[in-house]
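What follows is a single structure, written as structure tokens, with notes after it.
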Amino acid sequence: MAPESHPPSDVIVTGAPASNPALRARKSSSVAPSSAEPRFEPFQATGFAACTGPILRQYPRGDRFRLAIADHHLNSAGRFHGGMAMTLQKVAFDQVAFETALGMSPGSMVELVTINCDFVGPADAGDCIEARAVVTRATRSILFLTGQIAHGNRQILTASAIYKIAEVTG
Amino acid sequence: MRHTTEEDVSFLHPAPPGFVAFSEIADPLVSHVGPMYQRLDDTGERIGAFFVTARHLDQTGGSVLHEGMLLLAADLFLGLTAFGASQGRRCVTLGLNASRLGVARLGDLVEIRPRIDGVAPSIIQASARISTHAGIIMNISSHWKILGAS
């Protein structure tokens with residue numbers, strides 16, 4: 001697969017309500033808003049990530065991917081759908097793996113080998129959740145990654161994945 | 001939001017032969033990315049299916065299915081199978097492991113064949129084989145918790 005690798009747009013979107021400066025100011029007058037609050041921008045305008053999103057990515061090229069859970073992300077019980085959780089985590093894995101491989105060998109691509117997801121907690125409509133992905137080991141042909149989805153400090157999913165690095169020829 | 005551009009009207013596929021549109025439960029995410037289809041095989045086992053359309057691809061310009069759609073479809077049909085094995089008690093996914101063997105492409109019919117591997121008092125093991133006309137593209141194993149069971 002070849003995740004999208006587009007230059008950042010000029011439009012910066014804040015994903016979580018808590019990242020809205022006005023809301024932060026109302027929430028507490030004794031704690032100054034952190035200047036380190038990351039910015040997020042829309043990620044992947046087409047394809048399955050767009051169909052199931054919108055997913056936002058930490059700007060620029062961070063390892064954090066946000067999703068505000070909407071009605072179309074729910075399951076038959078009205079909770080956050082496990083299939084959407086795995087999709088969000090895989091989007092994060094894809095992009096981090098692709099950019100890592102590209103940094104190792106320009107022109108390379110990555111292919112998923114395995115992905116393992118453990119569902120450790122629920123989430124609900126209105127929650128703004130965040131997926132992360134980290135490369136824990138890279139060989140010349142294989143990438144090992146771990147990741148997680150959380151809502152604030154509450155974990156929703158933990159995951160690991162293995163990707164194969166493939167050279168693009170011709 | 002459905003992508004109803006001229007490039008992607010393929011979700012209007014008629015059901016594949018022998019299948020019916022999935023409408024067993026009201027699942028907002030499945031409705032959003034579907035339609036899904038299902039049928040029973042000769043032994044009464046459920047087989048799920050969907051057509052790969054443009055909105056299922058991993059990005060513009062490619063013709064390869066995003067594996068997130070496979071995980072999502074597997075979660076649906078494994079869950080329904082686990083529900084049947086739990087004699088109608090609600091189940092939630094504990095873990096799911098997927099091994100990728102190949103790809104599905106635009107227009108392919110993808111079939112999901114779930115099966116029960118084991119049932120403990122509160123845990124169900126289930127696996128699925130996902131294939132296209134070209135062969136198996138993913139194998140999945142999963143564990144489900146039966147809610148209310150100890």
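Convention: sequence-line order gives letters A, B, ...; per-chain numbering from 1. Small disclaimer: the values here were computed from a predicted structure and weren't measured.
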_Could you go through B/Asp27 and A/His81, starting from their C-alpha distance and side-chain angles, then the distance that decides it, and tell me whether this counts as side-chain contact (heavy atoms from CB on, under 4.5 Å)?_
CA-CA 9 Å; B/Asp27 186 309; A/His81 202 296; 3.1 Å; yes
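- Considering every non-hydrogen atom in both B/Asp75 and A/Gly83, the closest pair reads OD2-N, 3.6 Å.
- For A/Asn75, the parts lying near chain B are the backbone and the side chain together; criterion is any non-hydrogen pair under 4.5 Å.
- The OH atom of A/Tyr163 sits 9.5 Å away from the CZ atom of B/Arg100 when rounded to the nearest 0.5 Å.
- Criterion: ILVMFWY side-chain heavy atoms under 4.5 Å apart, direct or through other members. Under it, B/Leu96 and B/Ile116 are part of a common hydrophobic cluster.
- B/Trp144 and B/Val119 fall within the same hydrophobic cluster, where Ile, Leu, Val, Met, Phe, Trp and Tyr residues are linked whenever their side-chain heavy atoms come under 4.5 Å apart, directly or through other members.
- A/His72 places no side-chain N or O within 3.5 Å of a backbone atom of B/Val33 that could act as its donor or acceptor partner.
- Shown here for A/Phe48 and B/Leu72, the closest heavy-atom pair between the two residues is CZ-CD1, 4.1 Å.
- Both the backbone and the side chain of A/Ala77 come within less than 4.5 Å of a heavy atom of chain B.
- Within a 6.0 Å sphere centred on CZ of A/Arg154, other residues, nucleotides and ligands contribute more than 12 heavy atoms.
- A distance-only check finds no donor-acceptor pair linking the side chain of B/Arg55 to the backbone of A/Gly47 [under 3.5 Å].
- The nearest pair of heavy atoms linking A/Lys90 to B/Gly68 is CD-N, 4.0 Å.
- Between atom OG1 of residue A/Thr52 and atom NE2 of residue B/His32 there is a gap of 7.0 Å, rounded to the nearest 0.5 Å.
- Between A/Cys51 and B/His66 the shortest side-chain heavy-atom distance does not fall below 4.5 Å.
- Put simply, of B/Val103, B/Leu65, B/Leu29, the one with the most heavy-atom pairs under 4.5 Å next to chain A is B/Leu29.
- Chain B forms the most heavy-atom pairs under 4.5 Å with one residue out of A/Ile162, A/Asp71, A/Thr87, A/Ile115, and that residue is A/Ile115.
- A/Leu143 and A/Leu102 fall within the same hydrophobic cluster, defined by Ile, Leu, Val, Met, Phe, Trp and Tyr side-chain heavy atoms under 4.5 Å apart, directly or through other members.
- Within the model, atoms OG of B/Ser31 and CG of A/Leu74 stand 11.5 Å from one another, a figure rounded to the nearest 0.5 Å.
- Put simply, B/Leu147 and B/Ile123 are part of two different groups of oily side chains (I, L, V, M, F, W, Y) that touch within less than 4.5 Å, one to the next.
- Under a hydrophobic-cluster definition in which Ile, Leu, Val, Met, Phe, Trp and Tyr are linked whenever side-chain heavy atoms come within less than 4.5 Å, directly or via other members, B/Leu94 and B/Phe83 are assigned to different clusters.
- Counting heavy atoms of neighbouring residues, nucleotides and ligands inside a 6.0 Å radius, atom CZ of B/Arg129 does not exceed 12 of them.
- The choice from B/Asn139, B/Ile140, B/Asn97 that makes the most heavy-atom pairs within less than 4.5 Å of chain A is B/Asn97.
- A/Ser76 and B/Pro28 get closest at one heavy-atom pair: N-CD, 4.3 Å.
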